[in-house]
*Asks:* 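Submitted below is the structure of interest, expressed as structure tokens.
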Amino acid sequence: MRLAALAHLSPVTALLALRGDAFTRAHGIAALHFQLSLAVYFAAIVGVLELVRGTVVAVQFVPFLLLMNLLLVVNGVLFAIVAIHRAATGQTFTYPMTIGRT
């Protein structure tokens with residue numbers, strides 16, 4: 001259970017958790033899917049920021065995207081804390097906002 005809890009800290013520990021038992025592997029896969037989803041969301045925000053650079057739309061769109069960026073970071077930290085707690089108590093956890101199946 002200890003490795004399952006550590007799987008939610010970073011992509012490296014999530015990859016290491018894939019070598020464990022079924023419970024640890026499930027947490028590692030869920031953590032990896034969520035962290036890759038966050039990377040896709042951040043890349044999309046940066047891409048849209050680059051698209052609207054220097055346009056009139058940027059005045060209203062940039063603060064919104066920066067707020068979305070902040071919300072993604074806060075959600076990532078909070079969901080990781082909940083997932084670590086669930087793994088430490090022996091429960092399974094599926095992240096919300098994840099692209100693909102977990």
Side-chain angles (χ1 to χ4, degrees):
M1 267 194 281
R2 208 173 263 169
L3 186 57
L6 290 176
H8 299 281
L9 293 178
S10 73
V12 175
T13 56
L15 286 173
L16 290 175
L18 295 178
R19 294 182 169 201
D21 60 348
F23 178 74
T24 305
R25 199 170 25 253
H27 276 276
I29 289 171
L32 197 57
H33 275 263
F34 181 66
Q35 291 161 358
L36 290 174
S37 296
L38 284 181
V40 169
Y41 298 144
F42 287 132
I45 288 173
V46 169
V48 172
L49 283 172
E50 288 297 318
L51 283 175
V52 298
R53 180 189 290 186
T55 64
V56 177
V57 178
V59 173
Q60 297 210 349
F61 211 47
V62 169
F64 170 73
L65 290 175
L66 293 176
L67 176 67
M68 292 303 295
N69 203 2
L70 178 65
L71 289 175
L72 282 175
V73 169
V74 170
N75 281 334
V77 170
L78 290 178
F79 289 144
I81 290 170
V82 170
I84 289 170
H85 179 265
R86 291 270 182 97
T89 58
Q91 303 172 13
T92 59
F93 182 73
T94 56
Y95 285 95
M97 304 181 344
T98 303
I99 299 172
R101 292 177 17 174
T102 55

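Keep in mind that this is a model prediction, so the values were computed, not measured.
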*Asks:* Only pairs at least two apart or in different chains count here, so list each ring pair (Phe, Tyr, Trp, His ring centres under 6.0 Å) that has a residue in residues 1-30.
*Replies:*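 Every ring pair (Phe, Tyr, Trp, His ring centres under 6.0 Å) pair that includes a residue of residues 1-30, provided the two are not neighbours, is H8-H27, H8-Y95, F23-H27.
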
*Asks:* Are L51 and V57 connected in a single hydrophobic cluster, I mean Ile/Leu/Val/Met/Phe/Trp/Tyr linked by side-chain heavy atoms less than 4.5 Å apart?
*Replies:*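 Shared cluster, no.
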
*Asks:* Assigning hydrophobic clusters by single linkage (Ile, Leu, Val, Met, Phe, Trp, Tyr; side-chain heavy-atom cutoff under 4.5 Å), is V40 placed with F42?
*Replies:*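 Hydrophobic grouping puts V40 with F42.
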
*Asks:* Sequence neighbours left out, what passes side-chain contact (heavy atoms from CB on, under 4.5 Å) with L15? Give chain and number order.
*Replies:*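 Once residues adjacent in sequence are excluded, the partners of L15 under the side-chain contact (heavy atoms from CB on, under 4.5 Å) criterion are L18, L32.
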
*Asks:* Within the distance-only criterion (no hydrogens, no angle test), does the side chain of T24 pair as donor or acceptor with the backbone N or O of A17 below 3.5 angstrom?
*Replies:*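 No; judged by distance alone, with no hydrogens or angles, the pair does not exist.
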
*Asks:* Going by the rule side-chain hydrogen bond (donor to acceptor under 3.5 Å, both in side chains), which residues pair with T92 if we only count those two or more places apart in sequence or in a different chain?
*Replies:*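 Partners of T92 under the side-chain hydrogen bond (donor to acceptor under 3.5 Å, both in side chains) test: none.
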
*Asks:* Side-chain heavy atoms nearer than 4.5 Å, only ILVMFWY residues, links allowed to pass through others: does that put L9 and L3 together?
*Replies:*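 L9 does not cluster with L3.
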
*Asks:* Which heavy atom of A5 sits nearest a heavy atom of A88, and at what distance?
*Replies:*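 What the structure gives for the nearest pair is CB-N, 4.4 Å.
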
*Asks:* Side-chain heavy atoms nearer than 4.5 Å, only ILVMFWY residues, links allowed to pass through others: does that put L49 and L38 together?
*Replies:*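 Linked within one cluster.
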
*Asks:* What residue pairs, at least two apart or across chains, pass salt bridge (charged side-chain N to carboxylate O under 4.0 Å, His left out) with a residue in residues 62-72?
*Replies:*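 Checked against salt bridge (charged side-chain N to carboxylate O under 4.0 Å, His left out) - neighbours excluded - no pair reaches residues 62-72.
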
*Asks:* Mind checking salt bridge (Lys or Arg N to Asp or Glu O under 4.0 Å) for R19 and listing every partner two or more places apart, or none if nothing turns up?
*Replies:*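 With sequence neighbours excluded, R19 shows a salt bridge (Lys or Arg N to Asp or Glu O under 4.0 Å) to no residue whatsoever.
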
*Asks:* Please list all pairs meeting salt bridge (charged side-chain N to carboxylate O under 4.0 Å, His left out) that have one or both residues in residues 24-45, counting only residues at least two apart or in different chains.
*Replies:*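 For residues 24-45: none.
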
*Asks:* Return each pair, listed once, that meets side chain to side chain donor-acceptor pair (under 3.5 Å) where at least one residue sits in residues 45-64; pairs must be two or more places apart or across chains.
*Replies:*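 Non-adjacent pairs meeting side chain to side chain donor-acceptor pair (under 3.5 Å): E50-R53.
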
*Asks:* Would you tabulate the side-chain donor-acceptor contacts of residues 62-87 under 3.5 Å, counting partners in other chains and residues two or more places apart, or write 'none'?
*Replies:*
{"unit_1": "N75", "atom_1": "ND2", "unit_2": "L71", "atom_2": "O", "d": "3.3"}
{"unit_1": "R86", "atom_1": "NE", "unit_2": "Q91", "atom_2": "OE1", "d": "3.2"}

*Asks:* Grab the two heavy atoms, one from A31 and one from A7, that are nearest each other, plus how far apart they are.
*Replies:*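 So the minimum-distance heavy-atom pair works out to CB-O, 3.4 Å.
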
*Asks:* With sequence neighbours excluded, what pairs up with S37 under the side-chain contact (heavy atoms from CB on, under 4.5 Å) test?
*Replies:*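 Applying side-chain contact (heavy atoms from CB on, under 4.5 Å) to S37 gives Y41, T98, I99.
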
